[in-house]
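Everything on this sheet refers to the single structure shown next.
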Protein chains: 2
Amino acid sequence: MSIVSPTAGFPPTYSVVTFNAGAEIYAPGDKAGTFYQVEFGAVRVHRLLSDGRRQVIAFHLAGETFGFEADRTHSFFAEAITQTGLRAISRPANGEASPELLTLALRGMLRAHEHIMMIGRQTAVERISGFLVDMADRQGGIEYFDLPMSRLDIADYLGLTIETVSRVFAKLRSAGLIKLRSIRCVELKKLETLRSLCA
Amino acid sequence: MSIVSPTAGFPPTYSVVTFNAGAEIYAPGDKAGTFYQVEFGAVRVHRLLSDGRRQVIAFHLAGETFGFEADRTHSFFAEAITQTGLRAISRPANGEASPELLTLALRGMLRAHEHIMMIGRQTAVERISGFLVDMADRQGGIEYFDLPMSRLDIADYLGLTIETVSRVFAKLRSAGLIKLRSIRCVELKKLETLRSLCA
DNA sequence: CGGCTGATTGAGTAACCTCAAAATTTGTGG
DNA sequence: CCACAAATTTTGAGGTTACTCAATCAGCCG
């Protein structure tokens with residue numbers, strides 16, 4: 001990782017740091033207190049069980065914010081998925097809580113709750129459809145986009161296996177709902193049908 | 001619901017309101033902005049899919065706090081499970097964000113993330129074990145306690161069916177790890193073994 | 001005691017997982 | 001630019017967990 005440039009925007013000024021694909025941003029036990037805004041690229045936050053099972057808690061795309069924790073130390077891993085620029089923002093040392101940070105925390109909680117709903121009660125097709133629609137919405141409702149993450153990342157995010165993810169992609173493709181322009185570029189051909197599939 | 005008594009503790013003074021078992025505290029679309037501390041009883045927060053599938057997002061026991069939302073309106077249902085007393089606390093109108101509220105939000109997010117991990121990557125036995133250990137820990141590490149919620153509530157919280165919950169209880173019982181003093185009263189006979197089962 | 005609700009148990013099934021192999025893509029060096 | 005190796009993704013076959021449907025059982029209340 002390397003410092004690219006100091007950039008204004010948040011008071012005071014914070015610099016943007018670049019991480020290579022796969023680079024660790026923080027790990028469980030690391031000191032928390034700083035949070036991050038994604039300038040470009042994508043981040044994956046995850047946790048491991050003792051036997052290696054992995055759950056991806058969240059993906060964070062350009063413009064999104066992550067890294068706030070309840071405790072002094074982090075409980076999860078955060079890694080850059082592709083080459084990623086992050087603006088690090090320190091929490092005010094005086095213990096003050098900005099309304100912005102609270103809003104971000106509450107939005108994060110809402111996202112987490114919707115994630116629980118999805119993996120607790122939806123089928124594989126519903127989860128993948130929901131995931132794709134969410135990715136499109138978060139990038140401004142575009143109809144095609146690159147997936148920065150691997151099939152394994154998607155599987156671990158949705159509580160599925162890589163094979164099931166692959167099979168559901170194939171199913172949605174053969175139903176004409178999506179098109180795979182390349183292995184990582186998805187086009188949502190029938191967005192409204194996909195939306196209705198999320199139940 | 002009825003006002004029981006105004007109680008000091010939070011500045012300014014807020015009164016405790018009692019809800020009967022099953023009573024609705026708020027529903028999706030209701031105006032948010034107030035949050036609640038459980039004085040006694042237990043609360044369930046959940047959401048429904050269009051076809052009736054239900055996901056319980058969280059249970060809240062005595063002493064715990066819930067109800068903060070990112071938006072102006074609630075996105076979930078909150079209901080009293082048993083007769084429950086709640087202290088309603090309004091968010092400061094001046095837009096100020098108290099550090100306490102931020103801490104509560106961050107703790108809520110951590111809980112949600114652990115919930116995601118559990119239902120995304122753990123087996124039925126691991127989920128039930130984790131649930132029971134969590135219930136014990138949240139009540140001060142006691143070894144037996146009443147479950148305020150039904151088997152259906154537990155199933156909908158853990159992303160399982162009522163039958164699977166029942167079967168796993170039977171399995172843990174016949175393995176000598178728990179004892180069912182009554183249908184709603186669980187005794188954790190081997191807490192450390194249960195803890196190790198959560199992976 | 002009968003009727004109701006909630007919980008348990010049983011039998012069969014379906015969705016998703018596991019293991020294995022083939023196909024495709026990506027990266028590297030010449 | 002091509003060839004080869006490594007990594008990722010897809011596809012296939014079979015297995016397992018948890019689900020569905022159904023019946024029985026237990027507790028509760030009038």
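Being a predicted model, the structure only gives us computed values, none of them experimental. Order of the sequence lines sets the chain letters (A, B, ...), proteins ahead of strands, with each chain counted from 1.
- Remark: the backbone N or O of Y157(A) is paired with a side-chain donor or acceptor of H115(A) at under 3.5 angstrom.
- Among the candidates D134(A), D146(A), L61(A), the single residue satisfying the side-chain contact (heavy atoms from CB on, under 4.5 Å) test with Q139(A) is L61(A).
- Helix bend of the helix from dC1(C)-dG30(D) to dG30(C)-dC1(D): the angle between its two end axes, each built from five pairs, comes to 40° after rounding to 10°.
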Show each protein N/O and nucleotides 11-16 of chain C N/O combination with a separation under 3.5 Å, one pair to a line.
residue, atom, partner, partner atom, Å
dC16(C), OP1, A124(A), N, 2.8

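- Under 3.5 Å, the side chains of T193(B) and S196(B) contain no donor-acceptor pair of N or O atoms.
- Per the geometry, CZ belonging to F169(B) stands 16 Å off P belonging to dG6(C), to the nearest Å.
- At a threshold of 4.0 Å, the pair E143(A)-K189(A) does not count as salt-bridged, since none of the basic side-chain nitrogens sits closer than that to a carboxylate oxygen.
- Counting to the nearest Å, the P atom of dA26(D) and the CZ atom of R173(B) are 12 Å from each other.
- A single hydrophobic cluster is not seen to contain both V45(A) and M135(A); linkage of ILVMFWY side chains at heavy-atom distances under 4.5 Å, directly or through other members, places them apart.
- With hydrogens and angles disregarded, a donor-acceptor distance shorter than 3.5 Å links the side chain of R121(B) to the backbone of L160(A).
- Spacing between atom CG of D153(B) and atom P of dA7(C) amounts to 9 Å, rounded to whole angstrom units.
- Positionally, the nearest nucleotide of DNA chain C for E163(A) lies more toward the 5' end than for the other of I183(A) and E163(A).
- A straight line from CZ of R53(B) to C1' of dT20(D) spans 14 Å, rounded to a whole angstrom.
- In this structure, S166(A) reaches the bases: a heavy-atom distance under 4.0 Å links it to at least one base atom across the strands shown.
- Considering F66(A), F35(A), F40(A) as possible partners of H60(A), the one that fulfils the ring pair (Phe, Tyr, Trp, His ring centres under 6.0 Å) test is F66(A).
- Checking the phosphate oxygens (OP1, OP2) of dT9(D), a side-chain nitrogen or oxygen of R184(A) falls inside 4.0 Å.
- Between the C1' atom of dT8(D) and the CG atom of L180(A) lies a distance of 14 Å, rounded to the nearest Å.
- Spacing between atom CD1 of I128(A) and atom P of dT9(D) amounts to 12 Å, rounded to whole angstrom units.
- Under the 4.5 Å side-chain contact rule for hydrophobic residues, I162(B) and F131(B) do not share a cluster.
- The aromatic ring centres of H46(B) and F76(B) sit 6.0 Å or more apart.
- The separation between I162(A) atom CD1 and dT10(D) atom P is 8 Å, rounded to whole Å.
- Atom pair D146(A):CG and dT25(C):P shows a separation of 15 Å (rounding to whole Å applied).
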